[in-house]
Number of protein chains: 2
Amino acid sequence: MSERVTMRDVAAIAGVSSATVSKVINERPDVGAEVRARVLETIARLGYRPNAVARGLRARHTDTIAILTDDLEGIFTNALMRGVEDAASAYDVSVLLANSYGDPEKERRHLRRLLDRQVDGLIIMSGNRVRPRSGPALPLPGTPYVFLYEYGAAEPVPSILPDDRSGAELAARHLIGIGRRRIAFLNGPASWDATRERLDGFTATIREAGLPLEPGLVQHASSWSPEDGFALATAMLTGPEPPDAIFCGSDDLATGAMAAVLERGLTIPGDVAVIGFDDRSLAVHQRPPLSTVALPLHEMGKVAGGLLLAAIQGEPQRHEIIRVSCELRIRASTIGPDGA
Amino acid sequence: MSERVTMRDVAAIAGVSSATVSKVINERPDVGAEVRARVLETIARLGYRPNAVARGLRARHTDTIAILTDDLEGIFTNALMRGVEDAASAYDVSVLLANSYGDPEKERRHLRRLLDRQVDGLIIMSGNRVRPRSGPALPLPGTPYVFLYEYGAAEPVPSILPDDRSGAELAARHLIGIGRRRIAFLNGPASWDATRERLDGFTATIREAGLPLEPGLVQHASSWSPEDGFALATAMLTGPEPPDAIFCGSDDLATGAMAAVLERGLTIPGDVAVIGFDDRSLAVHQRPPLSTVALPLHEMGKVAGGLLLAAIQGEPQRHEIIRVSCELRIRASTIGPDGA
DNA sequence: TGTCGCTACGAAATCGATTACGTAACTCGG
DNA sequence: CCGAGTTACGTAATCGATTTCGTAGCGACA
């Protein structure tokens, strides 16, 4: 229970007023070199640290932004948050994480608390409450916010998304480039916006190359799970003309698809090349290691953080959807020892 | 930039003093029913929310605790944090997450910031700075803290760990129970405390059952990766007397081990039963689904949160290592269609 | 009726910083 | 040598709540 040393203590010992100490800390110009040195020395000697709560009260900003997410497993949040932190650390702003785990009530509570806590801005990865399906949206009084990895936001604020369409194009072109002719797309659930955009990119590229695009080659799974990937891939492979490449909507789907290929005694990538989407860490540990289209999570976070910080500094916010390019990660499931 | 409504506004409109408003909010007894109702009505009508920063300054507590972690991937942190949040929500305390991603400098900065921010307590899952290998530990002035999932803490504070020893016993007994006689232990790196404890539990159980315990049956991997699991399991299986069961130190190791078993044309669990440790989400998606010893992450978080909150309420802290029991999750890799 | 004890409320200090403003001391040109 | 301008520091208000303490009003009781 040792009493913390306050600014007054420093001032008294250094023989100046607390206003001067404050000026030294905030590096204001109107303080002499001699006094500054004495104050600095006293601060160091006493181990003084400013009380951020008191500072926040008076200064009317807390140098804190928050991420509001509902990512159950925290799979994507980690990388996204790291990007945001990288952007924020340049401004000496710290980042809070509030996870509702998909519970709207929790989300509401979190949002209220964050606002009570006077965060300077919000990154929203969870739109249940802010843009609810029904009922009024929670007002965000004067607090800037941006959407991150949230499809379909209509507010007049930036919204940062991966470039799903061009990501799918990347995958398709890669498979075409290694000589595949019957390329299947094992897409995610049709209800997701991302799958539609990826479908567009895939279809355009395949059509452009003059390759077949039969209904059987393009399927929507009903979830993103490996189990669904296994089931759908098995169905594709048992058809009359099986594909020689499968582009999967997620690494999990691809994991299941690879199991299906191997179980039928076919080789990867010799008989069937497989490529995923996301680049989750499991991708590299697959046998064979899974080629994939990497989601630019870190970069997306950086962009979101940068825009939010700019908005906090007073820059006007426009409504724009910012697409961040995906990156192709080529591994052994498309170019392997038994391939090409 | 709409000015936020303050307590004074509420007081003025309700025709009372701000002291009274404060009392209503904090549910103090000395306020009449009639006035209370009027204040409450005014608060609701104006949409007033108390400013947590101002409150924290005067009340000298912020109703906030923080988790300091260095978990790069955030694999365990998510579940742990959820446990902490569950414990904290009963006290209406919110939980901050600070991740150093293994960078000691970042950890130092986070810790300083959290203390500046006057958090009421800390859960430490990252001991670099608090108990550094070299150099002085950062003092935590009057702020209670507990260690969570941190081996080898020597401070006079509680330290919450999984019961690794009995977890290993659980696995060994299960394998014995399904009739296996040559049980191998593909343990994690020997430098980790947990592996030693698991080894103790495993050895004791096997010895007690009178089963063989040759050096070849007990191996340490040099990492926790599937690749190492694959390599070591392959070595075990190509020996003169291959095991009929493999207990792996992590689900990742087990994933590699299963691949090794299958690649040699053996069946799981028919020829070789495989069981892991951790119960990461990938376990259930394996083919076959992986039996495993589940780390009680959620419960550990709850215990840690509960103890920290108790300490904040003023209860004295003892130095004790609290072990939380692991749980056996039996799936098809030990009891499957081709097994038993 | 006078006094004691409660109850219910308000005035004002307080938490620990930031900041607008006032003012000595000093500089410098005319 | 004087007045304006600059520099360097201090005084005091302020941020928005909590909390201590004082007191008006009331009922009860002797």
Side-chain angles (χ1 to χ4, degrees), chain A residues 1-40 42-43 46-64 113 115-120 141-142, chain B residues 1-40 42-43 46-64 113 115-120 141-142:
Chain A
M1 297 298 163
S2 66
E3 283 306 318
R4 253 182 93 103
V5 28
T6 148
M7 195 150 137
R8 247 204 268 289
D9 303 331
V10 174
I13 295 185
V16 298
S17 78
S18 66
T20 302
V21 177
S22 172
K23 288 171 187 167
V24 169
I25 290 176
N26 295 321
E27 296 176 324
R28 299 219 180 280
D30 63 337
V31 48
E34 198 175 328
V35 171
R36 177 192 308 280
R38 195 165 70 236
V39 169
L40 250 21
T42 310
I43 287 178
L46 299 187
Y48 166 75
R49 299 246 75 216
N51 181 325
V53 176
R55 185 210 291 267
L57 176 58
R58 177 64 226 236
R60 324 193 61 99
H61 58 84
T62 51
D63 293 339
T64 295
R113 269 223 247 263
L115 294 175
D116 290 353
R117 213 173 287 287
Q118 312 289 107
V119 297
D120 297 340
Chain B
M1 296 303 162
S2 67
E3 283 306 316
R4 251 181 95 104
V5 30
T6 150
M7 194 149 127
R8 246 204 268 291
D9 302 331
V10 174
I13 295 185
V16 297
S17 78
S18 66
T20 301
V21 176
S22 172
K23 288 170 187 168
V24 169
I25 289 174
N26 296 319
E27 295 176 327
R28 300 224 178 277
D30 64 335
V31 48
E34 199 175 327
V35 171
R36 175 190 312 278
R38 196 166 68 237
V39 169
L40 250 20
T42 310
I43 288 178
L46 299 186
Y48 166 74
R49 298 247 76 215
N51 180 326
V53 176
R55 184 211 292 268
L57 175 58
R58 176 65 226 236
R60 323 194 59 97
H61 58 83
T62 51
D63 294 341
T64 295
R113 270 224 246 264
L115 294 175
D116 290 353
R117 215 174 285 287
Q118 314 290 104
V119 296
D120 297 339

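Given the structure is predicted, the values throughout are model-derived calculations rather than measurements. Chain identifiers are assigned alphabetically (A, B, ...) following the order of the sequence lines, protein sequences preceding nucleic acid strands; residue numbering begins at 1 within each chain.
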Legend entry - Ile43(A) and its side chain to side chain contact (heavy atoms under 4.5 Å, CB included) partner, picked from Val5(A), Ile13(A), Ile25(A): Ile25(A)
Inset, instruction - Under 4.0 Å from any heavy atom of chain B: name the first and the last nucleotide of DNA chain D that qualifies, 5' to 3'. - result: dG16(D) to dT19(D)
Inset, instruction - Report yes or no: does Arg4(B) contribute a side-chain atom to a donor-acceptor pair with the main-chain N or O of Gly142(A) at less than 3.5 Å? - result: no
Legend entry - Comparing Ala54(B) and Lys23(B) on DNA chain D - which has the more 5′ nearest nucleotide: Ala54(B)
Inset, instruction - Measure the CG-CZ distance between Asp30(B) and Arg36(B) for me, rounded to the nearest 0.5 Å. - result: 9.0 Å
Legend entry - Atom-to-atom span, CG of Leu57(A) to C1' of dT19(C) - whole angstrom: 13 Å
Inset, instruction - Could you list the residues that satisfy side chain to side chain contact (heavy atoms under 4.5 Å, CB included) with Arg58(B), not counting sequence neighbours? - result: none
Inset, instruction - Pick base, sugar-phosphate or nothing for Val16(B), based on heavy-atom distances below 4.0 Å to the nucleic acid. - result: sugar-phosphate
Inset, instruction - Mind checking the OG1-CE spacing from Thr20(A) to Met7(A)? Nearest 0.5 Å is all I need. - result: 8.5 Å
Legend entry - Interatomic distance where CE belongs to Met7(B) and C1' belongs to dA12(C) [whole Å]: 13 Å
Inset, instruction - Would you mind reporting whether Val16(A) and Arg38(A) have side-chain heavy atoms less than 4.5 Å apart? - result: yes
Legend entry - Shortest non-hydrogen contact between Ser18(B) and Ala11(B), atoms and distance: N-CB, 3.6 Å
Inset, instruction - On DNA chain C, check which nucleotide each of Val21(A) and Gly15(B) is closest to and give me the residue with the more 5' one. - result: Gly15(B)
Legend entry - Contact check, side chains of Thr6(A) and Asp9(A), non-hydrogen atoms, under 4.5 Å: yes
Legend entry - Selection: residues 28-37 of chain A, any non-hydrogen atom under 4.0 Å of DNA chain D: Asp30(A), Val31(A), Gly32(A), Val35(A)
Inset, instruction - Output yes when at least one side-chain N/O atom of Thr6(A) is less than 4.0 Å from OP1 or OP2 of dA17(C), else no. - result: yes
Legend entry - Base of dT14(C) paired with side chain of Arg58(B) (donor-acceptor, under 3.5 Å): yes
Inset, instruction - Could you tell me whether the phosphate oxygens of dC9(C), OP1 or OP2, come under 4.0 Å of any side-chain nitrogen or oxygen in Ser17(B)? - result: no
Legend entry - Modelled atom types, side-chain donor and acceptor of Arg117(B) and Thr64(B), under 3.5 Å: no
